[in-house]
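Treat the numbers as computed from the prediction; the structure is a model and nothing was measured. For the numbers below, each heavy atom of this structure counts, side chains included, while hydrogens, waters and symmetry mates do not. So that the names make sense, note that chain A is the first sequence line, chain B the second, and so on, each numbered from 1.
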Protein chains: 2
Amino acid sequence: MTDKKQGKIRIHSQEKILLAAQDEFISNGYKGATVQSIADLAGLPKANVLYYFKNKENIYHAVLERTLDMWDQGIGDIVYEDGPKVAIEKFVSAKVKMSFNHPKASKIYAMEIIQGAQHLKEFARTYLRQWVRDKSKIFQLWIDEGRMINIEPINLIFIIWSSTQHYADFETQILTIMNRADYEEDDIEQVTQFLTQFILRGLEVK
Amino acid sequence: MTDKKQGKIRIHSQEKILLAAQDEFISNGYKGATVQSIADLAGLPKANVLYYFKNKENIYHAVLERTLDMWDQGIGDIVYEDGPKVAIEKFVSAKVKMSFNHPKASKIYAMEIIQGAQHLKEFARTYLRQWVRDKSKIFQLWIDEGRMINIEPINLIFIIWSSTQHYADFETQILTIMNRADYEEDDIEQVTQFLTQFILRGLEVK
DNA sequence: TTTTATCTTGTTTATTTGGTCAAGAAATTT
DNA sequence: AAATTTCTTGACCAAATAAACAAGATAAAA
């Protein structure tokens, strides 16, 4: 945005708008979302929403930016010193927490990718690609040291991403199948346990 | 649709429309999709598209129906007689093939779920829930017989769904990260190998 | 050939939508 | 308190859109 001074009201309104926009973009996609609908969800007149963000694309960019920030923080890190067991425990645990606590961020991200990543090709091409490279190297080291079985590190990364994010993106389906209305506190722990155990078993050197 | 006689032209046009619609719905979501755009992609006048399908929702329903049919066929089946090893080999293999050969179907489905499954709540509530129940029972039998480790069958189902579908839904991201333009024939085999091996290791009774 | 059913398409209509504008209210600064 | 900036909002507009319509072309059936 800009260097305008940011009063309390401004921040509060912007916050309301971004939260509303997130819901609207998830429900209807970028093109299907309407500024009017975002305004209604935020409880503000449309003209006021456009005062803060000027146009629909700006709103979307702001929502995406937040999403990527979240990806970035919540990700936990994979460091060589931890060794494969602890590193994967930490990583899976962080990703599962993310999925259960911020499913909307995950959904926005997933929709972007499915629709062709028009708005964040750059993020994938630079940041993400480098991240995968770095972590693959660490996994490869552990493999060379005989501390985990010999697999393509990238396959491991994908299976962790997919299996953890699934609980956010497919929330609706999972809850329907399990005939439940919402996730519960316990679920985070249960899923984390299962996934870490399962993945670690798959990596064990016999 | 109806009991009108279906000539060659009719079927051919319908086919073109549905393929175009699939692309349009993936790119822009249900609400963002326009009949005009579908018509353009199909190379037909808009009025002609509406002659065949009457309105946008009908087009979408037809696309979804095809998607579910595909889910249904391509799924391979899990039968008790196969035992865990063969059953999971078959199932994972079928799902991976699906993901690589029909990524668009997977994407449409994923978007529907992410957006709240408005149009296929019924499918999930009935068909899918029953499917999960049936297969869970089979897994539980194998567990009781000591042929695989003791886990919640539903967790296993979710990890297989997510890890296989990932290659379809996140195609764009995966290709970008790997700096490639398209998947190749080999990839299907490679991914199938990895996932079956990995999952079977995770299930092994030591 | 005649008749009927199917298909094609340009035109029109009513509604929705993104975005602007102007006029004023509220807060902040001088 | 005066001046200035920030915020709020109803009214407005041009473009896009879903859908209906009408009139004709083509193919199929009689």
Requested in this report: Using atom CD of A:Gln36 as one end and atom P of D:dG10 as the other, report the distance to the nearest whole Å.
Outcome: 11 Å
**Report entry** Minimum-distance nucleotide (side-chain atoms of A:Tyr52 versus C:dG18, D:dA19, D:dT8)
**Finding:** D:dT8
Query raised in the report: How is B:Asn48 classified with respect to the nucleic acid when contacts are heavy atoms under 4.0 Å: base, sugar-phosphate, or nothing?
Result: base
Query raised in the report: Between C:dG18, D:dT8, D:dG10, which one does the side chain of A:Ala47 approach most closely?
Result: D:dG10
Query raised in the report: Just wondering, do B:Leu128 and B:Trp71 contact through their side chains at under 4.5 Å, heavy atoms?
Result: yes
Report task. Could you work out which one of D:dA18, D:dT8, C:dG10 sits closest to the side chain of A:Ser13? Result -> D:dT8
Requested in this report: Select base, sugar-phosphate, or nothing to describe what A:Ala33 touches, counting heavy atoms under 4.0 Å on all strands.
Outcome: sugar-phosphate
Query raised in the report: Does the ring center of B:His61 lie less than 6.0 Å from the ring center of B:Phe53?
Result: no
Requested in this report: Round to a whole Å and report the spacing from CG of A:Leu44 to P of D:dT9.
Outcome: 7 Å
Query - Parallel, tilted or perpendicular: rings of A:Tyr167 and A:Tyr183 (30°, 60°) - result: tilted
Query - Gap between atoms CD1 and P, on B:Ile59 and D:dA19 respectively (whole Å) - result: 9 Å
Report summary line: Walking DNA chain C from its 5' end, the first of A:Gly32 and A:Lys54 to be reached, judged by nearest nucleotide, is A:Gly32
**Report entry** Spacing of A:Tyr60 atom OH relative to C:dG18 atom P, expressed in whole Å
**Finding:** 15 Å
Query - B:Phe53 CZ to D:dA18 P, straight-line distance once rounded to whole Å - result: 16 Å
**Report entry** Length of the line joining A:Asn58:CG and C:dG18:P, which is rounded to integer Å
**Finding:** 14 Å
Query raised in the report: Roughly how many Å is it from CG in B:Asp40 to P in C:dT9, rounded to a whole number?
Result: 13 Å
Report task. Classify the side chain of A:Lys46 and the base of C:dG19 as holding, or not holding, a donor-acceptor pair under 3.5 Å. Result -> yes
Report task. Measure centre to centre between the rings of B:Phe91 and B:Trp131, then say whether the value is under 6.0 Å. Result -> yes
Report task. Would you give the length of the straight line joining atom CG of B:Leu64 to atom CD of B:Gln22, rounded to the nearest 0.5 angstrom? Result -> 10.0 Å
Query raised in the report: Rounded to the Å, how far apart are A:Lys56 NZ and C:dG19 P?
Result: 8 Å
Report task. Check every atom of D:dA20, D:dG10, C:dT17 against the side chain of B:Lys31 and return the nucleotide holding the closest atom. Result -> C:dT17
Query - N or O in side chain of B:Tyr51 less than 4.0 angstrom from C:dC7 OP1/OP2 - result: yes
